[in-house]
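A short worksheet on the structure shown next.
What you see is a predicted model, and the numbers here were worked out from it, not measured in a lab.
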Amino acid sequence: QVQLVESGGGSVQAGGSLRLSCVASGYSYDIYYMGWFRQAPGKEREGVAVIYIGTGSTWYADSVKGRFTISQDAAKNTLYLQMYSLKPEDTAMYYCAAGTNSYINGPSLLREYYYHYWGQGTQVTVSS
């Protein structure tokens, strides 16, 4: 089993920045990719950014391209999401997730369907 614990959420004004962290523990040798998802009140959860562990390849939702950066620190078993130029519409609960399908790659990984492990989430609130 893999446990994921997010941190770094908070309240910021529009234009501000935040960095989310996700620490993975447990048996993680079968994790091929990790991602950040978010869910705003009354909306479905959506993929924000994904990283393929082996290659470092990344994919982003169009709404965050150029503003968010996903990265990993393998030595610390930690996934990051650096968020710049935050907008009120970025307000949501942000979740870290990890997946084990070795045959999946590319932008398809922005779909939550491919993820097996989820964190509890960290709230991001952006005020105008």
Side-chain angles (χ1 to χ4, degrees):
Q1 280 287 56
V2 174
Q3 293 79 43
L4 303 172
V5 179
E6 305 97 332
S7 62
S11 297
V12 296
Q13 290 193 325
S17 303
L18 281 174
R19 188 178 79 158
L20 307 183
S21 299
C22 171
V23 178
S25 61
Y27 183 79
S28 60
Y29 297 105
D30 59 345
I31 299 300
Y32 284 88
Y33 45 88
M34 296 186 71
W36 288 97
F37 291 75
R38 67 185 182 187
Q39 187 169 21
K43 295 187 177 181
E44 293 186 354
R45 188 156 56 185
E46 62 173 349
V48 174
V50 173
I51 187 166
Y52 201 82
I53 302 299
T55 62
S57 298
T58 58
W59 296 272
Y60 296 90
D62 289 342
S63 58
V64 306
K65 280 180 182 177
R67 300 189 298 122
F68 291 10
T69 300
I70 188 171
S71 62
Q72 58 175 328
D73 185 332
K76 297 181 179 180
N77 287 332
T78 302
L79 182 74
Y80 300 101
L81 184 68
Q82 179 67 57
M83 304 184 293
Y84 295 106
S85 303
L86 283 162
K87 305 175 181 180
E89 51 263 43
D90 294 319
T91 294
M93 184 71 78
Y94 282 71
Y95 299 90
C96 171
T100 62
N101 289 327
S102 61
Y103 55 88
I104 297 296
N105 208 331
S108 296
L109 292 176
L110 287 167
R111 294 181 58 195
E112 61 176 304
Y113 172 84
Y114 294 115
Y115 290 80
H116 306 85
Y117 304 108
W118 292 85
Q120 294 299 308
T122 185
Q123 178 68 37
V124 172
T125 302
V126 184
S127 58
S128 58

Tell me the side chain to side chain donor-acceptor pair (under 3.5 Å) pairs involving residues 9-18, sequence neighbours left out?
-> none

Partners meeting side chain to side chain contact (heavy atoms under 4.5 Å, CB included) with E44 (sequence neighbours left out) = none

Applying side chain to side chain contact (heavy atoms under 4.5 Å, CB included) to V12 and not counting sequence neighbours gives L18, L86, V126

Side chain to side chain, V48 and L110, heavy atoms closer than 4.5 Å = no

With rounding to the nearest 0.5 Å, note down the distance linking OH in Y117 to CD in Q1.
-> 5.0 Å

Listed once per pair and sorted, the ring pair (Phe, Tyr, Trp, His ring centres under 6.0 Å) pairs that draw on residues 35-87, sequence neighbours left out = F37-Y115, F37-W118

Looking at OG of S21 and CG of L81, how far apart are the two atoms once the value is rounded to the nearest 0.5 Å?
-> 9.5 Å

Only counting residues at least two apart or in another chain, list the ones meeting salt bridge (Lys or Arg N to Asp or Glu O under 4.0 Å) with E46.
-> R38

Contacts of type salt bridge (Lys or Arg N to Asp or Glu O under 4.0 Å), residue K43, not counting sequence neighbours | none

Sequence neighbours left out, what passes side chain to side chain donor-acceptor pair (under 3.5 Å) with S128? Give chain and number order.
-> none

Can you measure from OG1 (T122) to CE (M93) and round to the nearest 0.5 angstrom?
-> 7.5 Å

Side chain to side chain contact (heavy atoms under 4.5 Å, CB included) with E89: which residues, sequence neighbours excluded?
-> K87

So which pairs with a foot in residues 60-128 pass disulfide (SG to SG under 2.5 Å), sequence neighbours left out?
-> C22-C96

Partners of E112 by salt bridge (Lys or Arg N to Asp or Glu O under 4.0 Å), sequence neighbours excluded?
-> R45

Begin with the C-alpha distance, continue with both residues' side-chain angles, and end with the deciding distance and a verdict on side-chain contact (heavy atoms from CB on, under 4.5 Å) for L20 and M83.
-> CA-CA 8 Å; L20 307 183; M83 304 184 293; 3.7 Å; yes

Sidechain-backbone polar pair: Q3 side chain, A24 backbone, donor-acceptor under 3.5 Å = no

Within a strict 4.5 Å, meaning less than it, do heavy atoms of the Q120 and Y95 side chains meet?
-> no

Can you check whether K76's main-chain N or O pairs, donor with acceptor, with T78's side chain at less than 3.5 Å?
-> yes

Tell me, with the steps shown, if Q72 and I53 meet side-chain contact (heavy atoms from CB on, under 4.5 Å).
-> CA-CA 8 Å; Q72 58 175 328; I53 302 299; 3.4 Å; yes

V2 and I31, any side-chain heavy atoms less than 4.5 Å apart = yes

Minimum-distance pair of heavy atoms, taken over all atoms of A14 and P88 | CB-CD, 4.1 Å

Could you tell me whether the side chain of L79 reaches within less than 4.5 Å of the side chain of I51, counting heavy atoms only?
-> yes

Shared hydrophobic cluster, V23 / M34 (ILVMFWY, side-chain heavy atoms < 4.5 Å) = no

Residues forming a salt bridge (Lys or Arg N to Asp or Glu O under 4.0 Å) with R67, sequence neighbours excluded = D90

Can you sort out the partners of S7 under side chain to side chain donor-acceptor pair (under 3.5 Å), two or more places apart, ordered by chain and number?
-> none

When N101, V50, T100 are each screened for side chain to side chain contact (heavy atoms under 4.5 Å, CB included) with Y114, the one that passes is N101

